[in-house]
Number of protein chains: 2
Amino acid sequence: MRLVVAHCSVDYAGRLSAHLPLAPRVLMLKADGSVLIHSDGGSYKPLNWMSPPCSVSVSQPDEHEAAGGVTELWTVRHAKTDDVLVVSLHEILHDSAHELGIDPGLIKDGVEADLQELLAEQIEVLGEGHTLVRREYMTAIGPVDILARDANGRSVAVEIKRRGGVDGVEQLTRYLELMNRDPHIAPVTGVFAAQEIKPQARTLAQDRGIRCVVLDYDAMRGMDDVHARLF
Amino acid sequence: MRLVVAHCSVDYAGRLSAHLPLAPRVLMLKADGSVLIHSDGGSYKPLNWMSPPCSVSVSQPDEHEAAGGVTELWTVRHAKTDDVLVVSLHEILHDSAHELGIDPGLIKDGVEADLQELLAEQIEVLGEGHTLVRREYMTAIGPVDILARDANGRSVAVEIKRRGGVDGVEQLTRYLELMNRDPHIAPVTGVFAAQEIKPQARTLAQDRGIRCVVLDYDAMRGMDDVHARLF
DNA sequence: GCCTTTATCTCGTGC
DNA sequence: GCACGAGGTAAAGGC
């Protein structure tokens, strides 16, 4: 990992074209050849970058560039596409290199998969008398998150999202259309379950006869702890 | 902007929980209080981070932590949510601070808006005799990218994407359903225009009677230059 | 290897 | 300020 702080301008040509005017910035060169150009704000996204696999080649500025104050040019080429990032370095304020090794990586907890697991365990959250048929019920166009049965024994297809938008409703609609064509399983009703359901999505779901259920992750995890203690 | 290279472990609690075991990493502390934790690989996304607005407070390790090798604790708290990021620093390998100022920002070119502009100018790309009605034609559920008329004077709703996936076809389908209920404008046919159309999207579009048109951005920009030269 | 789905998405834009 | 759509989305998981 090499860290450089320098006045620079940047040009990118690839899926789009982009340009950064001359200013002081932090340049991060990773061991895999990738380059990140960060400013002192924004969020974690760099102003510009080149993703691996790629390689950097350093060259000297031509007469015109040198006259403009450029001391060094970095040309970063992607190995597979023809994306190119050119960093024109002016004054270099800092330059250091560090050996980091391979990172052991992030351990996560609390994403959609966890929600699905919890809901499968606590399927009664959908309403009294509901029973789980299976998680990841496969259809021709992909897996339905949860297939359940309501108190009357009718099939219920559940689509789970952390944040429920129209996309999720569309997805569930496609599954329902398909499943309701299959006489073995029809009729199937739909439930759209999410920690947060956006108004547009709720409207669309209601319009299509899909029930919306808001999930409380913390409460469900609490219930899960009770389960764990009791059994 | 402060750059620190150090052996550290990290814990995040917020919209999810996450943990990073002890390893050497780069810590980037931005002027707005945000913190990024980078490894020497991956992509532009840090292993972990805290987005602004937030603030860092430094504290000394307790006896137990100190015995484990912790020399300093950084607690990064989000100003609005209760997200917390705790960095447990062990050995510090590098520490430097740099004044960058506010970045002038990125200038982009070649995104969906440019495609829409070019297609509006060169509406005949859709087929002979096509004329432009208007861009961003408003409906109750949102704006249709382009409304045009074909050689027979029939309305044509165009959805433009850089990369055409099923989402775009669904979006256009919703517009078409709505517009075809309006006797003033019905019948409306649909055109799905993109630089690249995914096979699934093409199949879905054909199934719904929506025509697919692949756009050549470079060629259209070339035409645009010709336009500019001629007029 | 390709495709689909998720994301602490981020980021702009229009209301 | 919120909601919605786009992204050089990136990254993970299934087939």
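All chains are named by letter (A, B, ...) in the order of the sequence lines, taking the proteins before the strands, and each is independently numbered beginning at 1.
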[N] phosphate, OP1 or OP2, under 4.0 Å from [X] side-chain N/O:
X        : N     : answer
B:Lys161 : D:dA6 : yes
A:Arg163 : D:dA3 : no
B:Gln171 : D:dG5 : no

Query raised in the report: Where each residue is assigned the nucleotide of DNA chain C containing its nearest heavy atom, which of B:Leu47 and A:Pro143 is assigned the position nearer the 5′ end?
Result: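 Checking each residue's closest nucleotide, the 5'-ward one belongs to A:Pro143.
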Are the side chains of [X] and [Y] in touch, meaning some heavy atoms are under 4.5 Å apart?
X        : Y        : answer
B:Asp109 : B:Arg221 : yes
A:Arg77  : A:Met50  : no
A:Glu72  : A:Pro61  : no
A:Leu36  : B:His38  : yes
B:Leu147 : B:Met179 : yes

At under 4.0 Å between heavy atoms, what does [X] touch on the DNA or RNA strands: base, sugar-phosphate, or nothing?
X       : value
B:Ser51 : sugar-phosphate
B:Tyr12 : base
A:Met50 : base

Report task. Could you go through the side-chain contact (heavy atoms from CB on, under 4.5 Å) check for B:Tyr137 and B:Ile185 one step at a time? Result -> CA-CA 12 Å; B:Tyr137 176 84; B:Ile185 192 161; 3.6 Å; yes
Distance in angstrom units between [X] [atom1] and [N] [atom2], rounded:
X        : N      : atom1 : atom2 : answer
A:Glu112 : D:dG13 : CD    : P     : 12 Å
A:Gln116 : D:dA12 : CD    : P     : 19 Å
B:Asp109 : D:dA6  : CG    : P     : 18 Å
A:Ile197 : D:dA3  : CD1   : C1'   : 16 Å
B:Asp114 : D:dG7  : CG    : C1'   : 14 Å
A:Arg162 : D:dA12 : CZ    : C1'   : 15 Å
B:Arg15  : C:dT6  : CZ    : P     : 17 Å
A:Asp32  : D:dA10 : CG    : C1'   : 14 Å

If you check every side-chain atom of [X], which of [options] has the closest atom?
X        : options               : answer
A:Met138 : D:dC15, C:dT4, D:dC4  : D:dC15
B:Tyr44  : D:dC15, D:dA10, C:dT6 : D:dA10
A:Ser43  : D:dA6, C:dT10, D:dC15 : C:dT10
A:Lys198 : D:dC4, C:dT6, D:dG5   : D:dC4

Query raised in the report: B:Leu106 or B:Lys80: which one's nearest nucleotide on DNA chain D is closer to the 5' end?
Result: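 Residue closer to the 5' terminus by nearest nucleotide: B:Lys80.
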Report task. Could you pick out which residue, B:Gly42 or A:Trp49, lies toward the 5' side of DNA chain D when each is mapped onto its nearest nucleotide? Result ->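 Nearer the 5' end of the strand: A:Trp49.
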